[in-house]
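Working notes for the structure below.
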Amino acid sequence: MRVSVFTEPHRGADYDTQLRFARLVEDGGYEGFLRADHYQSMGADPGLPGPTDAWLTLAALARETRRIRLGTLVTSATFRLPGPLAVLVAQVDQMSGGRVDLGIGAGWYEREHTSYGIPFPAVGERFDRLAEQLEVITGLWATPVGETYSFTGDHYRLVDAPALPKPAQVPGPPIIVGGRGPKRTPELAARYADEFNMPFKSVAETAAAYDRVREACDRVGRAEAGRAPLVLSAGIVVAIGRTDAEAQLRAAPLHEKSALPPEDPVVGSPAQLVERLGEFAEIGATRVHLRMTDLDDLDHLELIAAEVLPQLEAGR
């Protein structure tokens, strides 16, 4: 099981806080540091000192880390045009030496769009735009050097793009598509993604989502096209402690009113987290993203590194 850490800096974390956390992720033996792409907190707390841009942050971290993978869960297709997004992700991939994952989704949090003047179309159009963005981004990265790329869709049009720069990873950074949607999300993952992620739901709900995406892979002929099977991953909200009181203290923010949908966190001991990881492994997950709420709580990160990660290594 590959274990990465997922963070939400929009809750309140400046760059230095994220750098300190990412370095400890690297030192602690985790596989990666991934962060949300949001411009506003989701509750009453304003998230001081304010938002940080996901890709600007990851570019800086690319130069200040050496081993961990870096990426988004997930970049909102409403925030950036697909051509410039392909350019900036390719550049960050080069800056990191090929350690970037691009998680991308349709966008969902209307309040941040309204606050910052970002257009927020209806959900059907957002998914249409996401599909075109995935087509454009993968098309640009796959275009051989010296050739050009053109695309005409309902929402984006590219004419003779030089399709540069190229990412360090060939044909490009792994793309993560995920979510709870029963129809379009599995289809998009099957067509374009390298990893399908089910975020923060129960093992049973995650297993059902994996079945849907496997069926979508069969429908689109993914195996027949010679593409590798999708990596199946799960997001897990964690509040782990040496004692129950410590775990409950870390879980306190999970009880605050939020725009987030209901989740299925692991609140308890390191052994309980190991057990949950085993349950996810049984349904086919080979990667997990542990969501830690407080980026100042370095002890939480160290506890899991010391008492959970070694058990996963021992079980191999």
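Hydrogens, waters and symmetry mates are skipped; everything else that's a heavy atom, side chains included, is used.
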Over-ring placement of R126 relative to F120, 6.0 Å and 45° cut-offs: yes
Sidechain N-carboxylate O distance under 4.0 Å for R35, D53: no
Pairwise distance CZ(R20) to CG(L301) - rounded to 0.5 angstrom: 11.5 Å
Plane angle bin for F79 and Y39 - parallel if under 30°, tilted between 30 and 60°, otherwise perpendicular: tilted
Rounded distance (nearest 0.5 Å) linking atom CD1 of I176 with atom CG of L73: 5.0 Å
Side-chain (R212) to main-chain (P186) donor-acceptor, under 3.5 angstrom: no
Short side-chain donor-acceptor distance under 3.5 Å, N197 and S233: yes
Pair R250 + D297: basic N to acidic O under 4.0 Å: yes
Backbone N/O of R129 and side chain of Q133: donor-acceptor pair under 3.5 Å: no
D101 vs R69, salt bridge (Lys or Arg N to Asp or Glu O under 4.0 Å): CA-CA, chis, key distance, verdict: CA-CA 7 Å; D101 296 321; R69 298 199 64 80; 3.0 Å; yes
Closest contact, heavy atoms only, A190 versus V220: CB-CG2, 3.8 Å
Joint hydrophobic cluster, I304 plus V274, side-chain heavy atoms closer than 4.5 Å: yes
T52-Q18 side chain donor-acceptor pair, cut-off 3.5 Å: yes
Min side-chain heavy-atom separation H289-I236 under 4.5 Å: no
Ion pair check, E279 and R276, cut-off under 4.0 Å: yes
Heavy-atom closest pair, residues A247 and G241: CB-N, 3.8 Å
Closest heavy-atom pair and its distance - P49, A13: CD-N, 4.2 Å
Step-by-step side chain to side chain contact (heavy atoms under 4.5 Å, CB included) determination, V177 to T185: CA-CA 7 Å; V177 170; T185 298; 4.3 Å; yes
Separation between NZ of K166 and CG of D93, rounded to the nearest 0.5 Å: 12.5 Å
V5 with Y15, same ILVMFWY side-chain cluster at under 4.5 Å: yes
Euclidean distance, E135 CD relative to R191 CZ, rounded to 0.5 Å: 9.5 Å
Note, Q272 side chain near I240 side chain (heavy atom, < 4.5 Å): no
Y156-L130 co-clustered via ILVMFWY side chain contacts under 4.5 Å: no
Ring geometry between Y210 and F196 (parallel below 30°, tilted from 30 to 60°, perpendicular above 60°): perpendicular
Donor + acceptor pair across side chains of R99, T65 (<3.5 Å): yes
Close side-chain approach of V237 and L290, heavy atoms under 4.5 Å: no
Cluster overlap L58 with V74, hydrophobic side-chain contacts below 4.5 Å: no
4.5 Å side-chain heavy-atom contact, T206 and I283: yes
Backbone of S202 reached by a side-chain donor or acceptor of E205 within 3.5 Å: yes
Distance-minimising heavy-atom pair for A86 and L140: CB-CD1, 3.7 Å
Backbone N/O of G32 and side chain of S4: donor-acceptor pair under 3.5 Å: yes
Validation row: L230, E195 side chains within 4.5 angstrom (heavy atoms): no
Straight-line distance of F21 CZ to H300 NE2, nearest 0.5 Å: 8.5 Å
Evaluation steps, salt bridge (Lys or Arg N to Asp or Glu O under 4.0 Å), between E8 and R11: CA-CA 6 Å; E8 299 179 314; R11 291 177 179 267; 2.5 Å; yes
Minimum-distance pair of heavy atoms, taken over all atoms of A163 and Y149: CB-CB, 4.4 Å
Joint cluster assignment, L254 & M42, ILVMFWY side-chain distance < 4.5 Å: no
Residue pairs, two or more places apart or on separate chains, that pass salt bridge (charged side-chain N to carboxylate O under 4.0 Å, His left out) and touch residues 23-32: R2-E31, R23-E64, E31-R287
Minimum heavy-atom distance R66-R63, with the two atoms named: NH1-O, 3.2 Å
T143 side chain vs E147 backbone, donor-acceptor pair below 3.5 Å: no
Ring-face cation of R157 near F151 (centre distance under 6.0 Å, axis angle within 45°): no
Residue pair T75 / W55, side-chain donor-acceptor N/O under 3.5 Å: yes
Short side-chain to backbone donor-acceptor contact, R222 and A228, under 3.5 Å: yes
Within-4.5 Å side-chain heavy-atom neighbours: C217 and R214: no
Donor-acceptor side-chain pairing of Q40 and Y109 below 3.5 angstrom: no
Gap separating the CZ atom of F33 from the CG atom of L19, nearest 0.5 angstrom: 9.0 Å
